[in-house]
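Order of listing sets the numbers, starting from 1, for every ligand and every atom in it.
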Amino acid sequence: MSVHIGAKADDIAETVLLPGDPLRAKYIAETFLENPFCYNEVRGMLGFTGTYKGKKVSVQGTGMGVPSISIYINELMQSYHVQNLIRVGTCGAIQKDVNVRDVILAMTSSTDSSMNRQTFNGIDYAPTANWELLKRAFDAGTEKGLPLKVGNVFTADQFYNDHADHEKWAQYGILAIEMETAALYTLAAKYGCRALSVLTVSDHIITGEETTSDERQTTFNEMIEVALETAVQSK
Ligand SMILES: O=P(O)(O)O[C@H]1O[C@H](CO)[C@@H](O)[C@H]1O
Ligand SMILES: O=c1cc[nH]c(=O)[nH]1
């Protein structure tokens with residue numbers, strides 16, 4: 001057990017999917033995993049373990065934002081010795097050629113979070129995806145015929161931010177905004193494990209277009225299948 005995860009040491013797999021929403025964790029476990037069991041209910045941040053195509057896989061809700069996901073990653077690494085962390089999240093697009101329902105593989109993440117400035121004494125650090133996971137996810141998505149986008153996302157500290165300069169971020173190649181990937185990649189580097197964010201575009205910040213709840217379900221399924229196919233091939 002750790003402070004925020006009430007699981008026994010062997011309850012959690014070496015590969016963990018990480019949705020922000022704990023109810024998405026429940027949905028993934030009940031829809032995609034065989035023989036799932038719930039190992040965590042602390043603070044309602046549900047965690048489940050089951051098998052996918054015979055491989056033990058866990059799925060753990062992280063909550064929203066850098067501080068929340070950082071708690072779960074630190075505890076997964078310190079108390080449960082996880083090897084592969086695969087975020088399955090949503091994001092808001094800011095590029096004209098990135099559309100709602102697209103699936104993004106985050107190669108790297110820029111951020112306005114102060115976490116890395118504190119960690120590296122004000123020096124900028126480039127949080128980066130694990131290449132093997134990125135390659136496997138790209139191959140899995142391409143096989144499914146998905147319109148995958150691969151590139152730089154932005155991990156924002158604020159969901160509602162009147163001062164965000166989305167035009168500038170788009171000019172510099174940022175594909176979409178979300179709230180956790182920079183912390184995921186930085187902490188994965190610290191602990192020497194592999195990490196990848198697979199993101200579904202749930203809305204377009206510039207055009208205001210949104211997915212319906214039915215569309216979200218379908219596109220979430222595509223993202224989850226990409227993540228699970230990546231998980232089964234992981235070491
Ligand atoms: O859908 P999830 O994984 O929660 O991800 C996105 O959605 C939340 C904001 O609504 C933030 O956590 C953001 O990163
Ligand atoms: O963080 C997020 C997630 C989805 N859409 C957004 O605009 N921001």
Protein contact to [atom] [nearest heavy atom, distance to 0.1 Å]:
atom: atom 5 (O) of ligand 1; answer: R87 NH2, 3.0 Å
atom: atom 5 (N) of ligand 2; answer: D203 OD1, 2.9 Å
atom: atom 6 (C) of ligand 2; answer: G92 N, 3.6 Å
atom: atom 11 (C) of ligand 1; answer: E180 OE2, 3.5 Å
atom: atom 8 (C) of ligand 1; answer: M64 SD, 3.6 Å

What do you reckon, is CE of M64 surrounded by more than 12 foreign heavy atoms closer than 6.0 Å? no
Verify the neighbour count for atom OH of Y125: are there more than 12 heavy atoms of other residues, nucleotides or ligands below 6.0 Å? yes
Checking [Y] against [X]: is there a side-chain donor and acceptor pair closer than 3.5 Å?
X: T181; Y: S197; answer: yes
X: N221; Y: Y27; answer: yes
X: E210; Y: S202; answer: no
X: S114; Y: Q118; answer: yes

Side chain to side chain donor-acceptor pair (under 3.5 Å) evaluation trace for N74 with Y191: CA-CA 9 Å; N74 273 295; Y191 287 108; 2.4 Å; yes
Side chain of [X], backbone of [Y]: donor and acceptor closer than 3.5 Å?
X: S58; Y: V16; answer: no
X: H204; Y: V98; answer: yes
X: Q60; Y: M45; answer: yes

With ILVMFWY side chains joined below 4.5 Å, transitively, what does I205's cluster contain besides itself? I94, F154, W169, I174, I177, I206
Got an N/O contact under 3.5 Å between [X] and ligand 1?
X: G63; result: no
X: R24; result: yes
X: G20; result: yes

Suppose I only count heavy atoms of [X] and a 4.0 Å limit; which atoms of ligand 2 are within that range?
X: I205; value: 7 (O)
X: E178; value: 1 (O)
X: T90; value: 3 (C)
X: S202; value: 4 (C)
X: F159; value: 1 (O), 2 (C), 6 (C), 8 (N)
X: M179; value: 1 (O)

Going by the atom numbers of ligand 1, which of them fall below 4.0 Å from some non-hydrogen atom of [X]?
X: E178; result: 14 (O)
X: F159; result: 9 (C), 10 (O)
X: G89; result: 3 (O)

As a check for students: among V88, T155, T90, identify the option with a heavy atom nearest to atom 6 (C) of ligand 1. T90
